[in-house]
Amino acid sequence: RDEEKGSDFVQTLVEVMRANPGGDFIELLTEVNRRVCELDVLGPDSVERRKACLEIRSSLRRRLCLQ
Amino acid sequence: VEPRRPESDSRPSAQYDLSGTRAALLLAVIQDRLGAEHDVAALVDLCQALGFKVILRTDPTAQAFREELVQFREKLDAHKGPVSCALLALMAHGGPQGQLLGVDGQEVQSEMLVQELNCCQALRGRPKVFLLQACRGGNRDPGVGPRALPWYRRWLRAPPGIPTQADVLQVHVDAPGSTGQADILIFYSAAEGCVAY
């Protein structure tokens, strides 16, 4: 986590959801995953770049639009 | 015989009806997780903007994780009027077997928390969304390319204790009642076995 901003996971999720509140939730989470995967993470104990890939597990039977 | 027509996305039944009450429970360990308070604030704001009634509990113990879930389920089952959707955000340190660590350092299984909400009568046929912001192991993904090769070679020789995809599939097949799970969406902040940043 960024101590001043929070985690990429939550902050990107919030950013994507606020920009597309009526969108299909699975599609929005896929977009969150794409953005987070594109980031390079450099932790305080690491000199090497790292990646974070999120995971979506769904048994939804219908489209979910939260607006 | 006339072939069965697939449901079109434009049909009303292809989308969840969210006209009832939306409820969100946020359980977040903030202590020793620098920056987590910003995530909590952002999620609370988002949930409220999306019309969720939000309950926030910070720094729960492992026992409190369970108790809050039970109370949340009971509250939804006792709710007058339809409940259309539930969102549960769990934020804590985590382990490779789906453990979440309460503020007391004790473990609670995230799968058990999912099952608790899956048993909610008020949410039958309703979407249940889980946001799990926790590590799922100690591996650090280097991405792809030549620099990643040593990491993947180590991954293939991973010791017992870090479940493989086949292990996970087998657990789901063997789990009693697992076929009854539906309308559940889990969004993990890390791939299986990996650190969440």
Side-chain angles (χ1 to χ4, degrees), chain A, chain B residues 7 9 11-18 22 33-43 45-47 49-52 85 87 89 91 114 118 125 127-134 136 139-144 147-148 151 181-192 194-197:
Chain A
R1 287 171 302 284
D2 185 305
E3 295 179 13
E4 295 180 357
K5 296 178 184 173
S7 67
D8 292 330
F9 171 69
V10 170
Q11 299 302 324
T12 308
L13 172 68
V14 170
E15 181 183 317
V16 170
M17 288 298 299
R18 284 199 175 277
N20 310 275
D24 182 293
F25 196 53
I26 295 272
E27 290 180 12
L28 297 181
L29 297 188
T30 305
E31 171 64 13
V32 173
N33 196 12
R34 186 188 67 77
R35 292 190 189 188
V36 171
C37 283
E38 284 180 353
L39 299 171
D40 278 330
V41 182
L42 194 62
D45 58 343
S46 172
V47 293
E48 295 182 22
R49 290 181 302 163
R50 301 297 184 189
K51 290 287 184 182
C53 188
L54 315 179
E55 182 179 333
I56 304 165
R57 186 182 297 180
S58 173
S59 62
L60 294 184
R61 295 181 293 177
R62 302 176 185 188
R63 291 179 75 228
L64 176 59
C65 300
L66 288 176
Q67 193 175 41
Chain B
E7 286 189 11
D9 278 351
R11 291 168 55 174
S13 61
Q15 187 167 317
Y16 288 107
D17 174 11
L18 298 187
R22 305 175 185 190
R33 297 180 70 247
L34 294 173
E37 67 275 16
H38 302 294
D39 287 343
V40 170
L43 272 182
D45 285 348
L46 176 67
C47 288
L50 293 171
F52 283 85
C85 180
L87 184 148
M91 306 164 78
V114 173
N118 194 37
K128 295 164 275 285
V129 176
F130 295 83
L131 305 176
L132 262 67
Q133 213 247 328
R136 301 176 73 194
N139 292 303
R140 298 172 189 273
D141 188 346
V144 294
R147 65 189 164 90
W151 185 84
Q181 280 200 8
D183 308 298
I184 291 177
L185 173 65
I186 307 176
F187 194 31
Y188 295 97
S189 64
E192 195 174 321
C194 288
V195 170
Y197 292 103

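Values below: every heavy atom of this structure, side chains too, minus hydrogens, waters and symmetry copies. Chain A is the first sequence line, chain B the second, and so forth, proteins listed ahead of strands; every chain is numbered from 1. Because the structure is a prediction, the values reported are computed rather than measured.
Nearest heavy-atom pair, B:Glu192 versus A:Glu55, reported as atom, atom and distance to 0.1 Å: N-OE1, 3.8 Å. Here the closest non-hydrogen pair linking B:Pro127 and B:Leu18 is CG-CD2, 4.0 Å. Annotation for B:Arg33 and B:Glu37: closest pair O-OE1, 4.4 Å, computed over non-hydrogen atoms. When all heavy atoms are compared, the tightest approach of A:Arg62 to B:Tyr16 is O-CE1, 3.3 Å. Looking at every heavy atom in both residues, B:Asp183 comes nearest to B:Gly125 through OD2-CA, 3.5 Å.
Residues of residues 9-19 of chain A lying under 4.5 angstrom from chain B, judged on non-hydrogen atoms, are A:Phe9, A:Val10, A:Gln11, A:Leu13, A:Val14, A:Met17, A:Arg18 by number. For residues 27-34 of chain A, heavy-atom neighbours of chain B at less than 4.5 Å comprise A:Leu29, A:Val32, sorted by residue number.
By the 4.5 Å heavy-atom criterion applied to side chains, A:Val36 and B:Ser189 are not counted as neighbours. Two residues are said to be in side-chain contact when any heavy atoms from C-beta on lie closer than 4.5 Å; A:Lys5 and B:His38 fail this criterion.
For chain A, the nearby parts of B:Ala42 are the backbone and the side chain; heavy atoms of each come within less than 4.5 Å. For B:Ile184, the parts lying under 4.5 angstrom from a heavy atom of chain A are both the backbone and the side chain. Within the 4.5 angstrom heavy-atom criterion, no atom of B:Phe130 approaches chain A. Neither the backbone nor the side chain of B:Leu87 comes within contact range of chain A; no heavy atom of the residue lies under 4.5 Å from a heavy atom of that chain.
In this structure B:Asp45 satisfies the salt bridge (Lys or Arg N to Asp or Glu O under 4.0 Å) test with no other residue, sequence neighbours excluded.
Considering only heavy-atom pairs separated by less than 4.5 Å from chain A, the leading option among B:Val40, B:Leu46, B:Val129 is B:Leu46. Interface check for chain B: of the options A:Cys37, A:Cys65, A:Pro21, the most heavy-atom pairs under 4.5 Å are formed by A:Cys65. Most heavy-atom pairs under 4.5 Å with chain B, from the set A:Leu66, A:Ile56, A:Ile26: that is A:Leu66. Top candidate by heavy-atom pairs under 4.5 Å with chain A, chosen from B:Met91, B:Arg22, B:Lys128, is B:Arg22.
Annotation: ring-ring contact (aromatic ring centres under 6.0 Å, His included) contacts involving residues 19-39 of chain A, sequence neighbours excluded, are absent.
The CD atom of B:Gln133 sits 9.5 Å away from the CG atom of A:Asp8 when rounded to the nearest 0.5 Å.
Remark: side-chain polar atoms of A:Ser58 are not paired, donor with acceptor, to backbone N or O of B:Leu185 under 3.5 angstrom. Checked by atom type and distance alone, the side chain of B:Asp39 pairs as donor or acceptor with a backbone atom of A:Ser7 at under 3.5 Å.
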